[in-house]
Number of protein chains: 2
Amino acid sequence: MTSTEQPGGPRPTPQRQAVLDALTGVEDFRSAQEVHELLAGEGSGVGLATVYRALALYADHGLVDVLRREDGEAIYRRCSDTHHHHLVCRSCGATVEVEGPAVEKWTSAIATEHGFSDLSHTLEIVGTCADCRTD
Amino acid sequence: MTSTEQPGGPRPTPQRQAVLDALTGVEDFRSAQEVHELLAGEGSGVGLATVYRALALYADHGLVDVLRREDGEAIYRRCSDTHHHHLVCRSCGATVEVEGPAVEKWTSAIATEHGFSDLSHTLEIVGTCADCRTD
DNA sequence: GTCGGGTTGACAATGATTCTCATTCTCAGT
DNA sequence: ACTGAGAATGAGAATCATTGTCAACCCGAC
């Protein structure tokens, strides 16, 4: 740790880059298992444990978003610069990104009011999209 | 199904009642495992699988809320009549309930705008509470 | 009392995630 | 370029929540 490295920052490695690349260029969320399969299919030979470690590392540093499927499996996505939330179809899994300045403001107001600091929040809207609604 | 039972509705049983009771009178969320241990401690002898089944059943019928801990474990809570969200301290785990009509309105507006119906949403705010903030 | 269908409990099976540890690799200083 | 120190990796085992299986059980209906 000399100067170009952020304190406590992750050391860049080909494997980590591969994991990050796997999340880049896809707008869907990917589970760790999927990332692993994808990399294996490309012959990267990155180990599953490494995928988990890399994802956890990036999630820690705010480079990727983590959320949970309904079955509890963790899914990851490259975090865009603007904080946004997701609208997920419970049937086909389609996701739509939505931004909510109103929500952002509301959460920080509420939290501050209760003396909370260093905030982060998760908002997920689950519903049935127009295509899947067949009644 | 005779008359007082809704078609396909759950049949009331001592075990199910016990599970529901375990969630009553506690304001915290409880994991299925915790409910099971609690019941075992009371000598109820309710099986773990039954706890899971009962919780899933009640969650299906909207009697309990389900959400996920950070480690992915599902936690359940008796659903109150008013939908509310939680402010959680990442350090001491204290939870504060907050209501947000603004959020409710915003989510349903956004979702409808994208053609989504039959909505549900999860909002969790994580931060450090005043007591735990020592700098 | 008997029948039938939902319910239960013990245990196995599944599947994601984490741990372990020996090997490998990166980086900085020489 | 070479080396040493420490971080990172990969393979598989270990962990742990959750779900599936199935025979025994209970409650209400006839």
Side-chain angles (χ1 to χ4, degrees), chain A residues 1-23 29-61 63-64 66-77 93, chain B residues 1-22 29-61 63-64 66-77:
Chain A
M1 47 197 106
T2 48
S3 55
T4 53
E5 296 274 309
Q6 295 140 15
R11 183 185 292 179
T13 69
Q15 288 87 349
R16 288 177 181 169
Q17 193 57 51
V19 169
L20 207 50
D21 285 348
L23 290 180
F29 279 88
R30 288 274 171 88
S31 71
Q33 305 282 342
E34 286 166 353
V35 170
H36 178 236
E37 281 176 30
L38 185 68
L39 294 178
E42 292 176 346
S44 299
V46 178
L48 181 56
T50 302
V51 172
Y52 275 102
R53 280 185 290 238
L55 289 173
L57 195 63
Y58 284 130
D60 247 18
H61 286 255
L63 278 168
V64 301
V66 191
L67 53 92
R68 297 264 171 189
R69 284 209 190 120
E70 288 203 1
D71 65 357
E73 190 172 354
I75 49 181
Y76 304 84
R77 179 179 178 166
Chain B
M1 43 185 117
T2 48
S3 55
T4 53
E5 296 278 303
Q6 296 141 15
R11 182 187 294 180
T13 69
Q15 287 88 348
R16 288 177 182 169
Q17 192 57 50
V19 169
L20 207 51
D21 284 348
F29 280 87
R30 288 273 172 88
S31 72
Q33 306 281 342
E34 286 166 352
V35 169
H36 178 235
E37 281 176 30
L38 185 67
L39 293 179
E42 290 176 347
S44 299
V46 177
L48 181 55
T50 302
V51 172
Y52 276 102
R53 280 186 290 238
L55 289 173
L57 195 63
Y58 284 130
D60 248 19
H61 286 254
L63 278 168
V64 301
V66 191
L67 54 91
R68 298 264 170 190
R69 283 211 190 116
E70 289 202 1
D71 66 355
E73 190 173 354
I75 49 181
Y76 304 84
R77 178 176 177 169

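So you know, we letter chains A, B, ... as the sequences are listed, proteins then strands, and number each from 1. Please read all numbers here as calculations on a predicted model, not as lab measurements.
Phosphate proximity of C/dT26 to A/Thr13: absent, as no side-chain N or O sits under 4.0 Å from OP1 or OP2. Neither OP1 nor OP2 of D/dT19 sits under 4.0 Å from any side-chain N or O of B/Tyr52. Close to D/dG10, at under 4.0 Å from its OP1 or OP2, lies a side-chain N or O of A/Gln15.
Put simply, CD on B/Glu73 and CG on B/Leu67 are 11.5 Å apart, with the number rounded to the nearest 0.5 Å. For the atom pair CG (A/Leu39) and CG (A/Leu48), the distance works out to 10.5 Å, reported to the nearest 0.5 Å. Taken to the nearest 0.5 Å, the CG atom of B/Leu20 stands 11.5 Å off from the CZ atom of B/Arg16. Expressed to the nearest 0.5 Å, how far CD1 of A/Ile75 lies from CG of A/Leu23 amounts to 11.0 Å.
Here C/dG15 presents its C1' atom at 8 Å from CD of A/Gln33, a figure rounded to the nearest Å. Rounded to whole angstrom, the span from the CZ atom of B/Arg68 across to the C1' atom of D/dC16 amounts to 13 Å. Computed from coordinates, the B/Ile75 CD1 to D/dT18 P distance equals 10 Å when rounded to whole Å. Counting to the nearest Å, the P atom of C/dT17 and the CG atom of A/Leu48 are 9 Å from each other. Rounded to an integer number of Å, the gap from B/Leu55 CG to D/dT19 P is 10 Å. Regarding A/Leu57, its CG atom lies at a distance of 13 Å from the P atom of D/dA7, rounded to whole Å. What separates CG of A/Asp71 from P of D/dT18 is a distance of 11 Å, to the nearest Å. As a whole-Å value, the separation of A/Leu20 CG from D/dA8 P is 16 Å.
In this structure, A/Ser31 and A/Arg53 both approach DNA chain C, and ranking their closest nucleotides by distance from the 5' end singles out A/Ser31. Mapping B/Tyr76 and A/Gly47 onto DNA chain D by nearest heavy atom places A/Gly47 closer to the 5' end of the strand.
Across its full length, the helix from C/dG1-D/dC30 to C/dT30-D/dA1 shows an angle of 30° between the axes of its 5 terminal pairs at either end, rounded to 10 degrees.
Looking at every heavy atom in both residues, A/Gln15 comes nearest to A/Val46 through CG-CG2, 4.0 Å. Heavy atoms only, all atoms of each residue included: A/Val51 and A/Ala32 are closest at CG1-O, 3.7 Å. The nearest pair of heavy atoms linking B/Arg68 to A/Arg69 is NE-O, 4.4 Å.
Counting any heavy atom pair closer than 4.0 Å across all strands shown, B/Thr50 reaches a base atom.
Of all nucleotides listed (D/dT9, D/dT21, D/dT18), D/dT9 comes nearest to the side chain of A/Arg16.
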